[in-house]
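What you see below is based on every heavy atom in this structure, not just the backbone, and it leaves out hydrogens, waters and symmetry mates. All of these numbers come straight from a predicted model, not from anything done at the bench.
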4 protein chains.
Amino acid sequence: MILHIDPSNGIPIYEQIVRQVKFAIANGALQVAEHVPSVRDMARISAVNPNTVVRAYRELQNDGILKSIRGTGLAVTAEAPTLCRRIRLEMIQQRLRSVIEEAAQNQVDWDEIRQLVEREIQHQSERSRESKS
Amino acid sequence: MILHIDPSNGIPIYEQIVRQVKFAIANGALQVAEHVPSVRDMARISAVNPNTVVRAYRELQNDGILKSIRGTGLAVTAEAPTLCRRIRLEMIQQRLRSVIEEAAQNQVDWDEIRQLVEREIQHQSERSRESKS
Amino acid sequence: MILHIDPSNGIPIYEQIVRQVKFAIANGALQVAEHVPSVRDMARISAVNPNTVVRAYRELQNDGILKSIRGTGLAVTAEAPTLCRRIRLEMIQQRLRSVIEEAAQNQVDWDEIRQLVEREIQHQSERSRESKS
Amino acid sequence: MILHIDPSNGIPIYEQIVRQVKFAIANGALQVAEHVPSVRDMARISAVNPNTVVRAYRELQNDGILKSIRGTGLAVTAEAPTLCRRIRLEMIQQRLRSVIEEAAQNQVDWDEIRQLVEREIQHQSERSRESKS
DNA sequence: GTGGTCTAGACCACG
DNA sequence: GTGGTCTAGACCACC
């Protein structure tokens with residue numbers, strides 16, 4: 001469970017934690033009933049304030065992803081993988097929709113959008129290949 | 001000059017205004033030397049706080065898109081169309097990049113992204129066809 | 001909008017705020033679209049830390065009771081009265097169920113429970129009559 | 001000596017144990033001088049952390065309900081039945097009071113409360129009838 | 001002015 | 001050890 005937190009990202013830190021935990025579960029990196037790192041550990045690992053972690057974990061509890069086991073920590077719920085896999089696509093889809101909506105309202109051609117998408121995919125592919133090497 | 005403002009969009013309202021004015025100029029919906037609606041009018045039309053319009057217009061002046069004509073209001077500069085046409089795709093691309101970046105970080109397959117894009121394009125096409133009829 | 005906060009109540013302060021706002025809406029003391037006191041005001045009024053109020057208000061937003069209007073404050077949603085009226089009874093019912101469940105599991109007679117309830121109602125009636133006089 | 005522990009109940013687990021032991025003594029399910037299950041056994045049976053059982057038993061010793069018999073475990077004291085029978089209704093009443101108090105503070109009608117009570121009694125009756133059959 | 005986020009540090013109940 | 005709550009005070013973006 002390693003997190004990549006970027007404090008100057010626009011996206012709030014607690015939200016970054018929430019998302020990455022969700023993705024980790026969707027990917028199977030975190031298994032059902034497994035414990036998420038303790039608040040204090042996660043705070044230390046990610047170099048953020050414990051309260052920020054608390055908030056992220058609370059959000060995950062509200063979403064039914066984690067549940068608190070008194071005195072022993074927070075565990076991944078049985079429904080979490082299903083939820084997270086669904087959420088993962090919804091989060092991307094939602095942002096994608098908003099971009100494409102803007103494009104549509106401003107008469108950007110569909111093919112232009114497709115080109116932009118391909119260019120970005122290309123761009124990302126190269127970056128990920130670099131980081132592997 | 002009709003604006004589509006979505007207050008619960010994540011994107012600040014003033015920025016939504018800025019972007020849509022830029023798009024309007026790029027599309028030719030706003031011509032050089034044409035006056036943009038007065039702060040008061042724009043605020044009323046778009047159901048937005050006048051201060052927010054002020055801020056958007058200030059931003060547009062800083063970008064060299066609008067210039068103030070003493071006593072008569074704000075007009076589109078001569079350079080604006082060139083500028084706006086140049087950044088038209090960049091504005092979309094910038095947002096697209098951040099979405100795809102997140103997807104990439106979370107091991108979403110490229111083809112899955114392409115599918116989502118196509119689905120959204122489909123979705124938008126239908127909406128625009130409906131609104132025309 | 002006056003709150004009665006008891007910091008040594010067992011019930012967390014933020015939860016007390018949440019409940020009382022919900023009850024105020026259920027009772028009609030807070031109307032739809034009306035603004036709830038600003039975070040800072042509520043903090044001053046209730047003599048609690050602003051962050052505690054923030055948390056309570058955030059919870060109310062998650063429940064769909066309040067919605068944030070950028071830069072202008074938090075307003076009661078249109079669905080709030082319905083939700084709150086439902087919630088009001090549910091909260092009481094839930095606690096009642098838990099008590100009665102315990103009683104049942106320990107072979108307390110139904111009539112004994114009814115007597116206890118009547119005694120408490122009596123007790124409360126007198127207290128409220130006193131406070132009015 | 002079977003315990004019904006609900007870890008997500010609000011009431012701390014150790015307190016649930018304490019209450020249920022007291023009820024058991026009041027009902028005669030646990031007799032004077034009878035030994036309560038060992039910490040280890042009770043922890044295993046009820047799927048609870050041994051430390052939690054320790055704490056519950058300590059509380060019961062402080063209340064004079066249990067006393068430690070060197071080398072053999074904890075036994076019900078001679079005074080326990082009297083004590084427990086006396087507080088049997090009080091334990092229920094205490095919780096009942098706090099519920100009704102809240103209801104009162106929020107202008108829930110007395111008759112509405114009586115209805116909820118009857119509904120819950122009905123509910124419990126059915127459940128217990130089912131479990132017998 | 002508004003809400004939103006974050007840090008720092010304290011205290012508590014629970015296991 | 002765990003999570004949960006609270007305070008205090010700071011900074012930010014937005015209206």
Side-chain angles (χ1 to χ4, degrees), chain A residues 5 7-17 35-43 46-61 66-75, chain B residues 5 7 9-17 43 47-56 59, chain C residues 5 7-17 35-43 46-61 66-75, chain D residues 5 7 9-17 39 43 47-56:
Chain A
I5 301 297
S8 58
N9 190 9
I11 303 175
I13 294 175
Y14 79 90
E15 179 77 28
Q16 295 183 42
I17 297 176
H35 277 209
V36 94
S38 83
V39 170
R40 292 157 175 86
D41 283 356
M42 181 63 104
S46 311
V48 301
N49 188 287
N51 279 326
T52 306
V53 179
V54 165
R55 172 156 183 200
Y57 282 179
R58 189 164 58 230
E59 208 111 318
L60 286 163
Q61 286 182 73
L66 296 182
K67 77 159 182 283
S68 156
I69 305 191
R70 314 245 292 226
T72 61
L74 294 162
Chain B
I5 301 297
N9 192 8
I11 303 177
I13 294 176
Y14 78 91
E15 177 134 9
Q16 294 184 43
I17 297 175
V48 153
N49 188 301
N51 282 325
T52 308
V53 178
V54 168
R55 173 156 181 192
E59 206 119 317
Chain C
I5 302 298
S8 59
N9 190 9
I11 302 174
I13 295 177
Y14 78 90
E15 179 77 29
Q16 295 184 43
I17 297 176
H35 277 207
V36 95
S38 84
V39 170
R40 291 156 176 89
D41 282 356
M42 181 64 103
S46 311
V48 301
N49 187 286
N51 278 327
T52 307
V53 179
V54 165
R55 174 158 181 197
Y57 281 0
R58 190 165 57 230
E59 207 112 319
L60 287 163
Q61 286 181 73
L66 296 182
K67 78 158 180 283
S68 156
I69 306 192
R70 316 247 293 230
T72 60
L74 294 163
Chain D
I5 301 297
N9 192 9
I11 301 177
I13 294 176
Y14 79 92
E15 176 134 10
Q16 294 184 44
I17 298 176
V39 168
V48 153
N49 189 300
N51 283 323
T52 309
V53 179
V54 168
R55 173 157 182 192

Would you mind building the protein contact string for nucleotides 7-15 of chain E? One character per nucleotide, 5' to 3', B for base within reach (heavy atoms under 4.0 Å), S for sugar-phosphate only, - for untouched. BBB----BS

Could you tell me the separation between the [atom1] atom of [X] and the [atom2] atom of [N], rounded to a whole number of Å?
X	N	atom1	atom2	result
His35(A)	dG3(F)	NE2	C1'	12 Å
Lys67(C)	dG3(E)	NZ	C1'	15 Å
Ile69(C)	dT2(E)	CD1	P	14 Å
Arg58(A)	dT5(E)	CZ	C1'	13 Å
Gln16(C)	dG4(F)	CD	P	19 Å
Leu60(A)	dG3(F)	CG	C1'	14 Å
Tyr57(A)	dG4(F)	OH	P	11 Å

Return one dot-bracket line describing DNA chain F 5' to 3' (Watson-Crick or G-U wobble pairs, both distances under 3.5 Å; ( ) same strand, [ ] crossing, | another strand, . none). ||||||||||||||.

Minimum heavy-atom separation for [X] and [Y], please, with both atom names.
X	Y	answer
Thr72(C)	His35(C)	O-CE1, 3.0 Å
Arg70(A)	Ile11(D)	NH2-O, 3.3 Å
Gln61(C)	Ser68(C)	OE1-CB, 3.5 Å
Pro50(C)	Val39(C)	O-CG1, 3.6 Å

Atom pair CG/NZ of Leu74(C) and Lys67(C) - distance to nearest 0.5 Å: 10.5 Å

Do the non-hydrogen side-chain atoms of Pro37(A) and Tyr57(A) ever get within less than 4.5 Å of each other? yes

Apply side-chain contact (heavy atoms from CB on, under 4.5 Å) to [X] and list each qualifying residue two or more places apart in sequence or on a separate chain.
X	result
Val48(D)	Ile5(D), Ile13(D), Ile17(D), Ser46(D), Thr52(D), Val53(D)
Asn51(A)	Asn49(A)
Arg55(C)	Arg58(A), Tyr14(C), Arg58(C), Glu59(C)

Under 4.0 Å between a side-chain N/O of Gln61(C) and OP1 or OP2 of dG3(E), yes or no? no

So, is Ser38(A) close to the dT2(F) phosphate, meaning a side-chain N or O under 4.0 Å from OP1 or OP2? yes

Return whichever of Pro7(A) or Asp41(C) has its heavy-atom-nearest nucleotide of DNA chain E closer to the 5' end. Asp41(C)

Residue pair Glu15(A)/Ser68(C) against DNA chain E: nearer the 5' end by closest nucleotide is Ser68(C)

